[in-house]
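Data block below; observations after.
All chains are named by letter (A, B, ...) in the order of the sequence lines, taking the proteins before the strands, and each is independently numbered beginning at 1. Since we're looking at a predicted model, the values are computed, not measured.
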There are 2 protein chains.
Amino acid sequence: MPSPKLRENCADCPIRYRAVCAYCEPDELEVLERIKSYSEIASGQPIFFAGEPMTHVASVVTGAAVLSRTLEDGRRQINGVMLPSDFIGRPWRETIPFDVTAAGPVTLCRFERKAFEAILKETPHVSERLLSMTLDDLDAARDWAVVLGRMAARERIAAFLLFLSRRLGKPTPGNAQRITFSMPLTREAIADALGLTLETASRQMSALRRDGLIETEGRSTVIVPDLTALQDEAQDDADGSDIL
Amino acid sequence: MPSPKLRENCADCPIRYRAVCAYCEPDELEVLERIKSYSEIASGQPIFFAGEPMTHVASVVTGAAVLSRTLEDGRRQINGVMLPSDFIGRPWRETIPFDVTAAGPVTLCRFERKAFEAILKETPHVSERLLSMTLDDLDAARDWAVVLGRMAARERIAAFLLFLSRRLGKPTPGNAQRITFSMPLTREAIADALGLTLETASRQMSALRRDGLIETEGRSTVIVPDLTALQDEAQDDADGSDIL
DNA sequence: CGTAAATTTGAAATTAATCAAGATGGGTGG
DNA sequence: CCACCCATCTTGATTAATTTCAAATTTACG
């Protein structure tokens, strides 16, 4: 595990060119650098609770967090999987709209909300980037409605694996279509993200494995031997730009 | 029907204080006024097709439009119902991500995209309002995931009627809990918005009518005799601010 | 290595989809 | 102005998919 010290300098940050600071010039980075603070959250721990005051906003640096809402009778829907470079929280809003939970160990780059709002007003490169990211997130959330509203269980799992392949996957040297990634969510969380039960999620993972669309090693490593085959299962005709 | 002339002046516009221009000062409105143009679309007509160049962005002034995506085998998901004051399109994007269709007669206040982008850069009141609206839309899209992922057919219908009640409903004089609105979507469109079949949508509407949660007059008028009863059906504990 | 959590698998029950007629109502032309 | 017609909506019966209930099995970790 790398020392936290490695991340103190924005220039060395792994999400430097994808996060909300992506468009910043070196002098603008310094302004952000002054108010940022890192926060390490252990697996499964809550980061924010829905309804509480939004004191901070943050970028995910490493790990995965989930946004979720739970109905009174316990049904839970995960409505966002936040991966490195994703932005959590909203300026100008007083309260958090969703529960935010660490799906595994998470590192956040946090900003006190009021201070971040001040920067937004003064730094067009930050507000432009935030608008752009928010519009992308909105498109992605609307794309996800197709998965939840119209796709069968097998297709939902395929679509989710495709999403993770694109965001987390590393191609095998010499075979760009063979992708490996580490699954950041449990079966229960996958089910909650896809509007399924954990049994159905497990069964469909097994089915995709039986059919050769994925391979697994241990609990977390997933290998997609042929990304195009997975795209076909997920009814995904696009190049991936639509999911970001 | 009011003459289109009535809308030529932004100051008289029905969505003046809710649309993307809400924060504008009179002098800023003039800048928008110079590049706007109204467009009337007949019921059922396409407004934009997914994938085509985004030449314009627009605000819905009257009527209702839907954003949708259709899979190759014909399954369709409506992933946004755009009502008066909602903003359609995204600055900086070259192509439209979804099909946009008039659910009934629609009036749009359109802006040539490039010209609108120029205004965004020069007018913080417009870009701030657009960011705020986009963040609200994102929260609403994520709230909708709970409906699509975790709610039973009856709850989905109730949640949708609640959404329309809040956006379109007029309270009965003397009884603020008794709401009337005009349903802008066909049963098929309701089904496509909720991830159901039109038969299931129809059956659940009938069930809610039988159970006294709604009344109907003709094909389009819906009356909600008691909004709180509908909220209970929709598992909605909030005050509606979360859906906007 | 033992253990508890996570996952897999099986069988029965339930919900919604599909297949199939009818009924309703808004609009139009006689 | 009214009757007819077509699109839309409703309702019914059957089928298919997913959930629910219930054990086994595996895996990561102390």
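- Contact annotation: side chain of A:R203 to base of D:dT20, donor-acceptor pair present below 3.5 Å.
- Between the CZ atom of A:R219 and the P atom of D:dC29 there is a distance of 9 Å, given to the nearest Å.
- A:T186 comes within contact range of the sugar-phosphate backbone alone, with a heavy-atom separation under 4.0 Å but no base atom that close.
- What separates CD of A:E217 from P of D:dT27 is a distance of 12 Å, to the nearest Å.
- Taking atom CZ on B:R76 and atom P on C:dA17, their separation rounds to 16 Å, with Å as the unit.
- Contact annotation: side chain of A:E199 to base of D:dC21, donor-acceptor pair present below 3.5 Å.
- At a threshold of 4.0 angstrom between heavy atoms, the contacts of B:R210 with the nucleic acid are absent.
- Of the candidate nucleotides D:dT10, C:dA16, D:dA7, D:dT10 has the atom lying nearest to any side-chain atom of B:S202.
- Counting heavy atoms from C-beta on, the side chains of A:I41 and A:P105 never come closer than 4.5 Å.
- With 3.5 Å as the limit, one finds no donor-acceptor pair spanning the side chains of B:T101 and B:D99.
- Atom CG in A:L198 sits roughly 15 Å away from atom P in C:dA5 (whole-Å rounding).
- We find that CG of B:L185 is positioned 20 Å from P of D:dA7, with the value rounded to whole Å.
- When each of C:dT7, D:dC21, C:dA17 is scored by its nearest atom to the side-chain atoms of B:T197, the top-ranked nucleotide is C:dA17.
- Heavy-atom neighbours of A:E188 CD from other residues, nucleotides or ligands within 6.0 Å: at or below the threshold of 12.
- A:T70 and A:R75 form no side-chain donor-acceptor contact under 3.5 Å, judged by distance and modelled atom types alone.
- DNA chain C is contacted by both A:R150 and A:A201; A:A201 maps to the nucleotide lying nearer its 5′ end (nearest heavy atom per residue).
- Here the P atom of nucleotide C:dA6 and the CE atom of A:M183 are 15 Å apart, to the nearest Å.
- At the heavy-atom level, B:R209 lies under 4.0 Å from the strands shown only through sugar-phosphate atoms.
- The distance between atom CZ of B:R187 and atom C1' of D:dT10, rounded to the nearest whole Å, is 9 Å.
- The side chain of B:S206 lies closest to D:dT10 when the candidates are D:dT18, D:dT10, C:dA16.
- Side chains of B:Q235 and A:E72: a donor-acceptor N/O pair is absent below 3.5 angstrom, by distance only.
- No contact: A:G44 has no heavy atom under 4.0 Å from any strand.
- In this entry the distance linking CD1 of A:I190 with C1' of C:dT8 reads 13 Å, nearest Å.
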